[in-house]
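Take a look at the structure below.
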Amino acid sequence: MAQDSVDLSCDYQFWMQKLSVWDQASTLGTQQDTCVHLARFQEFLRKMYEALKEMDSNTIFERFPTIDQLLAKACWNPFILAYDESQKILIWCLCCLINKEPQNSRQSKLNSWVQGVLSHILSALRFDKEVALFTQGLGYAPIDYYPGLLKNMVLSLASELRENHLNGFNTQRRMTPERLASLSRVCVPLITLPDVDPLVEALLVCHGHEPQEILQPEFFEAVNEAILLKKISLPMSAVVCLWLRHLPSLEKAMLHLFEKLISSERNCLRRIECFIKDSSLPQAACHPAIFRVVDEMFRCALLETDGAPEIIATIQVFTQCFLEALEKENKQLRFALKTYFPYTSPSLAMVLLQDPQDVPRGCWLQTLKHISELLREAVEDQTHGSRGGPLESWFLFIHFGGWAEMVAEQLLRSAAEPPAALLWLLAFYYSPHDGRQQRAQTMMAYVVAPCRRGDLQPCGQRHSPAPPRWPETGHHM
Amino acid sequence: MESLLQHLDRFSELLAVSRTAHVRTWDPVTVRRALQWARYLRHIHRRFGRHGPIRTALERRLHNQWRQEGGFGRGPVPGLANFQALGHCDVLLSLRLLENQALGDAARHHLVQQLFPGPGVPDADEETLQESLARLARCGSAVHMLRFNGYRKNLNLQEDSLMKTQADLLLERLQEVGTAEAEGPARFLSSLWERLPQNNFLKVIAVALLQPPLSPRPQEESEPSIHKTPGEGSQALVHWLLGNSEVFAAFCRALPAGLLTLVTSRHPALSPVYLGLLTDWGQRLHYDLQKGIWVGTESQDVPWEELHNRFQSLCQAPPPLKDKVLTALETCKAQDGDFEVPGLSIWTDLLLALRSGAFRKRQVLGLSPGLSSV
């Protein structure tokens with residue numbers, strides 16, 4: 001507890017200084033700085049409240065003599081008041097300052113002062129005198145019309161953004177970059193206020209005509225955070241725009257997914273699928289640029305974890321969800337397969353991307369042989385000059401768990417001599433890195449020990465038999 | 001029912017008192033009771049939102065109170081004006097008390113405790129008073145920030161968000177007042193004209209006249225029991241404007257040409273009066289031979305440019321209005337002697353200017369210089 005109290009004093013000094021610099025957050029610099037610190041300041045306020053509520057007014061002032069200044073400065077910063085629950089916590093802190101039974105006039109005055117500040121927070125900072133006079137004249141109080149006013153302003157700004165986006169050539173009505181940037185900054189504290197959603201959506205989707213990004217990174221970060229924590233609901237098109245415009249957000253979304261998968265106890269496939277679908281990433285990945293980044297991150301994860309079976313399972317489930325989402329996409333807007341797998345031969349991509357369940361049983365052998373041939377060609381052809389060689393092809397292959405399963409089932413079912421192509425496929429799946437000779441030996445091993453084929457029994461689940469071994473040689477993909 | 005109405009009366013009194021120095025005498029018990037009453041009325045609002053007869057009775061009572069208290073005249077700031085306001089009467093009361101520095105120490109402390117009890121279990125049913133107040137603070141900041149960092153006044157007034165909000169409020173009040181009594185709107189508007197900044201008021205009227213018909217508000221959780229015929233408010237406005245020539249003259253003088261054209265297109269009843277005004281203005285100008293332009297005699301006379309502007313705008317309106325305007329001009333020209341030479345009749349000159357303006361415009365736009373309809 002003592003340590004906490006020391007921490008609080010340090011923090012107090014830090015925030016006191018910050019608030020003095022920010023003042024009313026009217027310049028670009030102060031606005032940006034405020035936006036970056038909003039979440040941390042709110043945490044500080046919570047800690048303060050926890051401390052203050054245990055003390056009475058006199059003790060509070062002994063401990064923090066300038067507390068009234070700190071709270072007042074916070075109250076005059078509209079960004080702080082607009083953020084999440086900060087206004088509520090500020091109010092609670094102020095309430096702690098009130099003397100229950102004032103002993104002298106100074107304490108009484110303090111009470112009055114607190115009342116005044118509370119009133120200020122709630123008096124909905126007025127602006128246009130004319131508007132205020134008019135509404136008052138009609139007998140309306142701010143509570144009556146502020147929600148409607150906010151809605152009108154939001155819709156008006158959103159439609160202005162759309163028009164700006166569509167009317168590129170009408171320079172008269174163009175929104176200046178400064179105004180756009182300012183608008184995006186102002187939205188940072190307001191992201192979780194549902195009334196502001198149309199504006200957030202418009203900012204994401206309408207990207208104007210400047211060649212470089214105008215919107216503030218704090219804005220993208222705040223939106224992304226809200227999306228990941230489910231504090232905002234935006235249409236898919238807006239989310240895709242966010243991830244396309246701000247790469248760190250996409251990366252963060254992937255990391256968030258990984259964290260969820262790691263931290264959850266035992267991940268059955270059903271749960272992995274839930275997490276993945278929940279993240280909206282498969283849908284977003286229908287856009288090739290996003291798919292490439294996601295795929296790259298999966299590749300890195302495989303590297304980092306030395307080919308952990310959980311990652312492979314995740315990749316397979318992800319690919320499944322991705323293909324489902326792709327199927328639902330508007331056919332006219334679909335990208336060519338090549339854009340998703342640019343380093344693969346088109347014929348291989350096409351074959352692998354089929355749904356194994358669409359292939360009639362009688363054609364299984366044929367299809368698998370074809371896949372085997374194509375893969376073998378890609379792997380053994382040294383002069384091809386394509387990226388990566390065998391590990392690249394392997395990475396592609398493991399996306400599609402259905403095929404490995406099919407190989408296993410085919411081998412088990414047929415009593416006849418197993419075709420070399422299938423054996424090659426299986427050996428490749430488990431040990432992508434083997435040289436030709438070693439692989440040939442592995443294939444022989446599969447033939448010679450029929451009782452060992454029992455190991456290949458697929459579990460009753462929809463994924464590949466046993467996890468493939470990661471090559472122990474330190475080769476990189 | 002009677003007890004409910006009495007309750008309403010007592011609460012309205014309370015609300016009125018809450019702004020005065022009288023609260024000095026309030027103790028914590030009074031504060032608690034006041035807030036309880038407010039909570040009760042809020043509950044009533046929720047329960048009887050759909051119940052036609054009870055809601056109507058409450059509305060009528062509130063409206064009468066409001067009118068008596070000075071909703072129409074120069075009285076003190078009125079309290080609850082309609083059923084809608086019951087939905088947040090607790091917020092209204094709370095804000096008034098918080099603003100009132102006459103509150104004693106004990107009462108103040110109790111008030112603050114009641115309003116802001118601190119973090120706790122949120123009520124699943126309805127929003128707590130604390131939440132409502134926090135949301136108001138947040139909403140206020142949002143409006144403030146958007147206003148100073150993103151908002152730009154829309155040159156098309158009817159699309160400006162501040163104007164639209166004011167217009168919506170005006171139309172809403174007009175409908176309520178109109179429902180309560182037939183002559184209500186006219187008297188109400190006249191009282192507003194005397195009390196409020198006139199320039200802003202005129203703009204709001206224009207914007208109100210251009211709004212699409214009001215649909216029942218989404219937060220009204222009920223069948224529209226009494227009013228809500230869309231367009232009633234606009235009709236009241238038109239009626240009032242036509243009945244008050246001084247106001248209408250100011251209306252036509254103060255507002256930009258384009259806006260007036262839109263308003264007159266939308267409300268054809270106004271066009272004869274508007275045209276009449278324009279003709280009056282035109283007749284006040286005489287031709288200055290030396291300068292070669294039409295000038296007025298007094299400083300408040302409408303200058304040639306402005307007159308021309310307005311006619312030009314009207315000629316760009318869609319057919320019924322445009323034809324009326326041209327006919328009127330032709331008639332005036334004929335009455336003056338049907339001159340073709342400039343400098344003799346202002347109507348001739350106007351028509352000439354309008355035709356050549358149209359011709360030039362077609363040239364600029366690359367249209368064929370065919371027979372324009374002007």
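Here the structure is a predicted model, which means the values were calculated and not measured. Proteins get letters first, then strands, A, B, ... in listed order; numbering begins at 1 in each. FYI, side chains are in, hydrogens and waters are out, and symmetry mates aren't considered; it's all heavy atoms of this structure.
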| note | One should read off an interatomic distance between B/Asn82 CG and B/Arg173 CZ, to the nearest 0.5 angstrom, of 5.0 Å

| A/Glu101 versus chain B, heavy atoms under 4.5 Å apart: side chain, backbone, both or neither? | neither

| Region of A/Ser184 in contact with chain B, defined by heavy-atom distances below 4.5 Å | neither

| query | Between A/Gln115 and chain B, which part of the residue has a heavy atom less than 4.5 Å away: side chain, backbone, both or neither? | reply | both

| note | Whatever's closer than 4.5 Å to a heavy atom in chain B on A/Leu199 counts as side chain

| chain B interface, residue from A/Gly148, A/Ser112, A/Cys95 that has the most non-hydrogen pairs under 4.5 Å | A/Ser112

| message | Which one wins on heavy-atom pair count under 4.5 Å against chain B: A/Ser182, A/Ser86, A/Pro147? | response | A/Ser182

| task | Give a yes-or-no answer on whether the side chains of A/Asn111 and A/Ser108 include a donor-acceptor pair shorter than 3.5 Å. | result | no

| message | Using a 4.5 angstrom heavy-atom cutoff, name the option from B/Leu115, B/Leu155, B/Leu111, B/Leu196 with the most pairs to chain A. | response | B/Leu196

| task | With a 4.5 angstrom heavy-atom cut-off, could you sort out which part of A/Leu133 is near chain B: side chain, backbone, both or neither? | result | both

| field | A/Leu157 portion near chain B, given a 4.5 angstrom heavy-atom threshold | value | side chain

| query | Quick one: do the A/Thr135 and A/Tyr145 side chains pair a donor with an acceptor below 3.5 Å? | reply | yes

| task | Could you walk me through whether A/Glu43 and A/Arg46 pass the salt bridge (Lys or Arg N to Asp or Glu O under 4.0 Å) test, one step at a time? | result | CA-CA 5 Å; A/Glu43 272 320 298; A/Arg46 272 194 220 275; 3.7 Å; yes

| Of the backbone (N, CA, C, O) and the side chain (C-beta and beyond), which part of A/Tyr83 lies under 4.5 Å from a heavy atom of chain B, both, or neither? | backbone

